Amino acid sequence: MKCLVTGGAGFIGSNLALELEKQGHEVTVVDNLLSGTKDNLKDFKGKFVELDVSKPFEINDKFDVIFHQAAITDPRYPDDKETYRANIEGFNNIVNLAKKNNAKLVYASTAGLYGNGPVPMKEDQKKEILSSYGKSKLEMDDIATELFDKMHIVGLRYFNVFGPRETHKGRPASMIYHLSKQIKDGKKPRIFKMGEQKRDHIYVKDAVDATILAVYAKKSCIVNVGTGIGTNFNELVRVLNEVLGKNLEPEYFDMTYDPKTYQSNTQADPTKATEFLGFKSKWTLKDGIKDYMGWLYG
Ligand SMILES: NC(=O)c1ccc[n+]([C@@H]2O[C@H](COP(=O)([O-])OP(=O)(O)OC[C@H]3O[C@@H](n4cnc5c(N)ncnc54)[C@H](O)[C@@H]3O)[C@@H](O)[C@H]2O)c1
């Protein structure tokens, strides 16, 4: 199939573009390089177009599927208005492009919408908007829901994705990336007191799998993309130490974020993704970390 990947120089987008290409699809990547980097596309053979999807643009190629990953992805990006504008205008432009092409649309939403709501998090539970980023993603989901009967559109609420090609993100990169660096450097891994906060960490290879399966979803829908397992920070440090052959005790420090804007416990209910997409995560946390550490440190 002919695919367009927006945000394809970013973390999930570059892994997706490379996997699609490996599976024999024809792939075009567009990205404005706001947070992403062309380094992520070193092995990519397809077409790369530098453009901002939140501004008017012309693409004359025809696509069967559009994977929309492009967004201002840092929930703490300093300009709230611009986060909202760029994410919503970008989404609307891509919806129009999909309509024009009669293409299927698979786009990235976020588990951030559940805020500090109950776990396991279900798609229809009450949302808690913690940032302008969250507000923009919820509005995208609302726009998509209105289109369910008119086109094939699937929204993916990714949980905490980690893996190769996320280094460019800096602070917003996964905690697995940051803690592994500290441990690798022989430093005590720094986590918030007392390490009981939980995350549903999903390996990027699983996230990419779910994203491709979404093309063949039974029907238009919005689903969680997580493992269904919440792992606390202490346990994560233990697994990282084990994989990296170290034994460094955590250094606890006071949480620096406003607790109202910080998710302290994420865990997906993955039932709907299994039902609609046939998706089930395959990588255990330990195996995903092992694979990733091999890529990161050789
Ligand atoms: N990584 C995660 O854990 C996670 C969790 C939930 C949701 N998401 C969503 O998944 C998608 C991909 O996230 P990521 O982690 O790969 O982030 P990323 O920052 O690495 O990738 C986003 C890419 O989009 C590009 N971009 C931004 N604005 C653009 C614009 N207007 N036009 C063209 N390109 C633009 C950036 O340059 C970057 O390459 C995002 O939509 C994000 O909100 C990610």
Side-chain angles (χ1 to χ4, degrees), residues 4-18 28-41 44 48-57 59 66-77 79 82-94 97 105-114 121 130-141 144 155-178 199-208 210-211 214 222-227 263 266 268 288 292:
L4 175 68
V5 179
T6 75
F11 168 36
I12 301 174
S14 60
N15 283 284
L16 174 64
L18 289 163
T28 297
V29 160
V30 298
D31 200 298
N32 67 351
L33 303 177
L34 177 75
S35 58
T37 161
K38 276 191 178 170
D39 289 351
N40 283 337
L41 294 170
F44 178 67
F48 174 83
V49 185
E50 187 172 334
L51 73 81
D52 182 342
V53 297
S54 76
K55 306 266 169 66
F57 63 86
I59 290 194
I66 300 177
F67 296 95
H68 181 51
Q69 294 286 329
I72 292 182
T73 54
D74 180 357
R76 297 176 195 281
Y77 191 77
D79 187 339
E82 176 58 9
T83 300
Y84 183 77
R85 184 209 65 80
N87 290 358
I88 294 301
E89 288 183 23
F91 185 64
N92 282 329
N93 289 340
I94 292 301
L97 183 68
L105 176 57
V106 177
Y107 72 92
S109 179
T110 178
L113 297 182
Y114 301 122
M121 291 155 158
L130 307 181
S131 62
S132 174
Y133 167 75
K135 189 176 158 203
S136 71
K137 292 283 177 179
L138 183 59
E139 185 154 331
M140 285 163 61
D141 286 356
L156 302 172
R157 292 197 185 134
Y158 297 121
F159 276 66
N160 302 90
V161 189
F162 69 98
R165 304 180 187 87
E166 64 166 319
T167 313
H168 64 277
K169 291 180 75 171
R171 181 186 41 74
S174 73
M175 64 184 299
I176 292 178
Y177 169 74
H178 289 293
R199 286 277 175 279
D200 186 332
H201 303 283
I202 179 159
Y203 195 39
V204 71
K205 291 185 181 176
D206 269 332
V208 164
T211 309
I222 295 170
V223 298
N224 289 336
V225 177
T227 65
Q263 280 188 294
T266 69
Y292 182 24

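All values reported here derive from a predicted model rather than from experimental measurement. Values reported hereafter were calculated over all heavy atoms of this structure, with side chains retained and with hydrogens, waters and symmetry mates removed. Just follow the structure's listing: the first ligand is 1, and inside any ligand the first atom is 1.
Heavy-atom proximity to L51, at under 4.0 Å, picks out these atoms of ligand 1: 32 (N), 33 (C). Close approach to D52 involves these atoms of ligand 1, each under 4.0 Å from a residue heavy atom: 30 (C), 31 (N), 32 (N). Residue-ligand proximity, A108 to ligand 1, at heavy-atom distances under 4.0 Å covers atoms 9 (C), 10 (O), 11 (C), 41 (O). Numbered from 1 in the order shown, with element, the atoms of ligand 1 that lie under 4.0 Å from a heavy atom of K137 read 40 (C), 41 (O), 42 (C), 43 (O). The contact set between ligand 1 and G36, taken as ligand atoms under 4.0 Å from a residue heavy atom, comprises 36 (C), 37 (O), 38 (C), 39 (O). Numbered from 1 in the order shown, with element, the atoms of ligand 1 that lie under 4.0 Å from a heavy atom of G10 read 20 (O), 21 (O), 38 (C), 39 (O). For ligand 1, the atoms closer than 4.0 angstrom to any heavy atom of Q69 are 10 (O), 11 (C), 12 (C), 40 (C), 41 (O). Distances below 4.0 Å separate heavy atoms of L34 from the following atoms of ligand 1: 37 (O).
In this structure, D31 is part of the shell of residues with a heavy atom less than 4.0 angstrom from ligand 1. At a 4.0 Å cut-off, not a single heavy atom of L156 sits close enough to ligand 1 to count as contact. In this structure, S109 is part of the shell of residues with a heavy atom less than 4.0 angstrom from ligand 1. Ligand 1 does not have G90 within reach: every non-hydrogen atom of the residue lies 4.0 Å or more from it. The shell of residues lying under 4.0 angstrom from ligand 1, judged by heavy atoms, includes F159.
Protein heavy atom in closest approach to atom 43 (O) of ligand 1: Y133 OH, 2.5 Å. The protein non-hydrogen atom at the shortest distance from atom 22 (C) of ligand 1 is T73 CG2, 3.8 Å. Nearest to atom 38 (C) of ligand 1 among the protein's heavy atoms is S35 OG, 3.2 Å. Counting protein heavy atoms only, atom 27 (C) of ligand 1 is closest to A71 O, 3.1 Å. The protein atom (non-hydrogen) at minimum distance from atom 32 (N) of ligand 1 is V53 N, 2.9 Å. Looking at atom 16 (O) of ligand 1, its nearest protein heavy atom turns out to be I12 N, 2.8 Å. Protein heavy atom in closest approach to atom 26 (N) of ligand 1: N32 OD1, 3.2 Å. Annotation: atom 3 (O) of ligand 1 to nearest protein heavy atom, V161 N, 3.0 Å.
In this structure, K205 contributes its side chain and G288 its backbone to no donor-acceptor pair below 3.5 Å. The closest donor-acceptor contact from the side chain of H178 to the backbone of G170 lies under 3.5 Å. Under the 3.5 Å distance criterion, the side-chain polar atoms of E166 are left unmatched by any main-chain donor or acceptor of V204.
With a 4.5 Å cut-off on side-chain heavy atoms, M121 and R157 do not count as touching. Under the 4.5 Å side-chain criterion, counting only non-hydrogen atoms from C-beta, Y133 is not in contact with I72. Residues T6 and I94 are in side-chain contact: their nearest non-hydrogen atoms beyond the backbone lie under 4.5 Å apart. Residues R199 and F162 have side chains not in contact (no heavy-atom distance under 4.5 Å, counting atoms from C-beta outward). At a threshold of 4.5 Å between non-hydrogen side-chain atoms, the residues Y77 and L34 count as touching. Under the 4.5 Å side-chain criterion, counting only non-hydrogen atoms from C-beta, I88 is in contact with M140. Residues H201 and S174 form no side-chain contact, since every pair of their non-hydrogen atoms from C-beta on lies 4.5 Å or further apart. Within the 4.5 Å cutoff, no side-chain heavy atoms of T73 are placed close to those of F11.
At a heavy-atom cutoff of 4.0 Å, ligand 1 is contacted by the backbone of L33 but not by its side chain. When non-hydrogen atoms are compared, ligand 1 lies under 4.0 Å from the side chain of H168 (C-beta onward) but not from its backbone. Residue E166 does not touch ligand 1, judged by heavy-atom distances below 4.0 Å. Neither the backbone nor the side chain of F162 comes within contact range of ligand 1; no heavy atom lies under 4.0 Å.
Remark: the D74 side chain and the S35 side chain contain no N/O donor-acceptor pair separated by less than 3.5 Å. Between the side chains of R165 and N40, no donor N or O sits under 3.5 Å from an acceptor N or O. Side-chain contact check for D200 and T266: no donor-acceptor pair (N or O, by modelled atom type) lies under 3.5 Å.
Screening E139, K135, E89 against Y84 for a side-chain hydrogen bond (donor to acceptor under 3.5 Å, both in side chains) leaves a single residue, E139.
For F11, a nitrogen or oxygen atom sits less than 3.5 Å from a nitrogen or oxygen atom of ligand 1, counting backbone and side chain alike. Considering backbone and side-chain atoms alike, K169 places an N or O below 3.5 Å from some N or O of ligand 1.
In this structure, L97 CG and N92 CG are separated by 12.5 Å, a value rounded to the nearest 0.5 Å.
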